[in-house]
There are 2 protein chains.
Amino acid sequence: MSNAYNRPDQLSAPLRARVLEAARRLGYPGPDPVARSLRTRKAGAVGLLLTEALSYAFRDPAATGFLEGLALACEQAGQGLLLVPVSPDHVDVTAVHQAGVDGFVVYSVREDDPHFLAVLERPVPTVVCDQPMNVEGVDRVGVDDRAGMLALARHLTGLGHRRVGVLCMRLAAGHNDGPADAERLASITYPVQRERLAGLRDGLAEVGVDWETVPIIERFEHSPEAGQDAAAELLGAHPDITAVVCTSDVLALGALKHAADRGLKVPDDITITGFDGTPEGERVGLTTVEQPLREKGRVAGEMLLERGDRNKPRHVLLPTELAVRTSSGPPRREERFFSGW
Amino acid sequence: MSNAYNRPDQLSAPLRARVLEAARRLGYPGPDPVARSLRTRKAGAVGLLLTEALSYAFRDPAATGFLEGLALACEQAGQGLLLVPVSPDHVDVTAVHQAGVDGFVVYSVREDDPHFLAVLERPVPTVVCDQPMNVEGVDRVGVDDRAGMLALARHLTGLGHRRVGVLCMRLAAGHNDGPADAERLASITYPVQRERLAGLRDGLAEVGVDWETVPIIERFEHSPEAGQDAAAELLGAHPDITAVVCTSDVLALGALKHAADRGLKVPDDITITGFDGTPEGERVGLTTVEQPLREKGRVAGEMLLERGDRNKPRHVLLPTELAVRTSSGPPRREERFFSGW
DNA sequence: GTGAAAGCGCTAACAC
DNA sequence: GTGTTAGCGCTTTCAC
């Protein structure tokens, strides 16, 4: 009987038909997938852990690109993709325990995220995307955030910018909407933000800009609105800034909006840059660091699903590319630091 | 022991700590979620069935809006969201059988979709979004597509348009990239498309335009590229058209692109309209019929999750709103039908 | 507060 | 090709 459903080739066609017909008549709804999973020790699904609320997966364009690639990989392997419902505030980890999955993909969470720690306790393989970095025995796929931002910084300093300000995403647990002081910068628990800031610091140091003097505005929420608001704060406090470096395209989109509202011409009056390479950013001509978002998702899925042979953790670093578009240009003549123009 | 994990309140705190500590020492990874699901008859997840490839969920802005709302509802109920991997071509229904879920949300599939039929055989509640319509014993949430399109049609005829062309999505199984003839129109298996076309037909009939003379171009793929291509086909064959009505914003975005490439000014040279009300459409000033996408997803989730009392099928119809923006205007003077301007 | 036992529905193995 | 059986890991119940 089990064979009729699971191994059609083991029975003769007419017999199979007969069995199935009888089952239908008896009102048998087909094998229970949960019972089968218990028996075969396969859930047929991959769990996805996001640090944010579930709906974030469909709102953030960088996440969306990643997930598209991940979904592609799952699809090809015939695996489902289970979005695990985690409340970002609640420290309720039961959802992770409830998830009937054969493995987890963890997308860009804090180093000390309790949900992530719960995932590690589950006896299933795990692949991390982006962060945390350097977790014992866990595969990871990411990009060289630091090198990407360094390239961007050099582009800006090459244009002549010296007075730059930064808009960045959440740096650690807890709400901190405002300037990130030295103490905050020393306790970053989101490695990606740390790396991107480090790349910028290095690039600015090459032309003698003191990192201590660079204003950094942090936002808890990651949305264009937050970027817009942060840009207002930054330019309000530091009107002499010639370039606003954002650690994501989403924030940069908001900064562009603020510039427009304020009547500032981009890039003539001010340069604004992003990071990620989202379709939205491209559409509006945002200078940014592009990373292969979809590819990252695909690789994450494949690492998890194809882990037949290897058992030592793998780390894949995908390339980034500086995309110079129309949101960056030299600072105004009177604001330039040197005058070889 | 089970109590230690599941009912912390039933034990004394120190005892609970002792048990958990012992379990950890023994290398016990916590209760197996699948076994628990089998026992409790609760999977803790909602299945999502899309007619398209899984990754489509993250690519189509209308789907994304819906899913954001659905994810929100799941999250609030502490339920996971399982994306069921269906290959659109393959008629392999096993993925539906494998899915360990407490219910299904079916998003906009064909009336005779085999995966959908497989869902109906599963002994779990199901909620349909948009289509199919009128399925015995199944809850549904949607919008009044016909009325929405009728309002749009009246807007266009009011502006003076008489020679309109249509770009529409897939109408039935099978690839048909090209004109939809009478036979094709008579065998539509996507009710949403049928309704939207009917609304347009009704609106045009009010001013005496013969539906038979309205060219309709169908595309299998639903993407801006397909819309662009279809617009080229439409305007190539019918250069006298003054308005291109698209049955989705995504297609309209492509049509706008085509118009731009061809050097046509919108709306001076040609009017282009969409349907859905996506952020992208809004950004570019697309005249369209807005529907509450996120709300639709939320309602779908809630209908599935809160089905405590009711057991007769519910049908929720959400309102649409005509959004007149900058992509629609009167036809050129020499092309107008009447001249009261 | 503890321990033992039944059974959720299935698959895989083995005897017929 | 058919029938029987053990057991996946859990929760629930009931006796202690």
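Only a predicted model underlies this, so the values are computations on that prediction, with no experimental measurement involved. Labels below follow one simple rule: chain letters A, B, ... track the order of the sequence lines, proteins then strands, and each chain is numbered from 1.
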Are OP1 or OP2 of dC8(D) and a side-chain N or O of Arg41(A) less than 4.0 angstrom apart? no

Report yes if at least one side-chain N or O of Tyr5(A) is closer than 4.0 Å to OP1 or OP2 of dG9(C); otherwise report no. no

Write down the distance between [atom1] ([X]) and [atom2] ([N]), rounded to a whole number of angstrom.
X         : N       : atom1 : atom2 : value
Arg122(A) : dG9(D)  : CZ    : C1'   : 13 Å
His97(A)  : dG9(D)  : NE2   : P     : 17 Å
Asp32(A)  : dG9(C)  : CG    : C1'   : 6 Å
Arg36(B)  : dT12(D) : CZ    : C1'   : 13 Å
Leu38(B)  : dC8(C)  : CG    : C1'   : 4 Å
Asn3(B)   : dT12(D) : CG    : C1'   : 10 Å
Lys42(A)  : dC8(D)  : NZ    : C1'   : 13 Å
Gln98(A)  : dC10(D) : CD    : P     : 13 Å

Distance-only, no hydrogens or angles: does the Arg110(B) side chain make a donor-acceptor pair with backbone N or O of Pro132(B) under 3.5 Å? no

Determine whether a donor-acceptor pair (N or O, by modelled atom type, separation under 3.5 Å) exists between the side chain of Ser223(A) and the backbone of Ala226(A). yes

Given DNA chain C, 5'-ward residue of the pair Arg18(B) and Arg39(B), judged by closest heavy atom: Arg18(B)

Please pick, from dC10(D), dG9(C), dT2(C), the nucleotide with the shortest atom-to-atom distance to any side-chain atom of Pro31(B). dC10(D)

When the aromatic ring centroids of Tyr56(B) and Tyr107(B) are compared, is their separation below 6.0 Å? no

Thr189(A) versus Ala172(A), closest heavy-atom pair with distance: OG1-CA, 3.1 Å

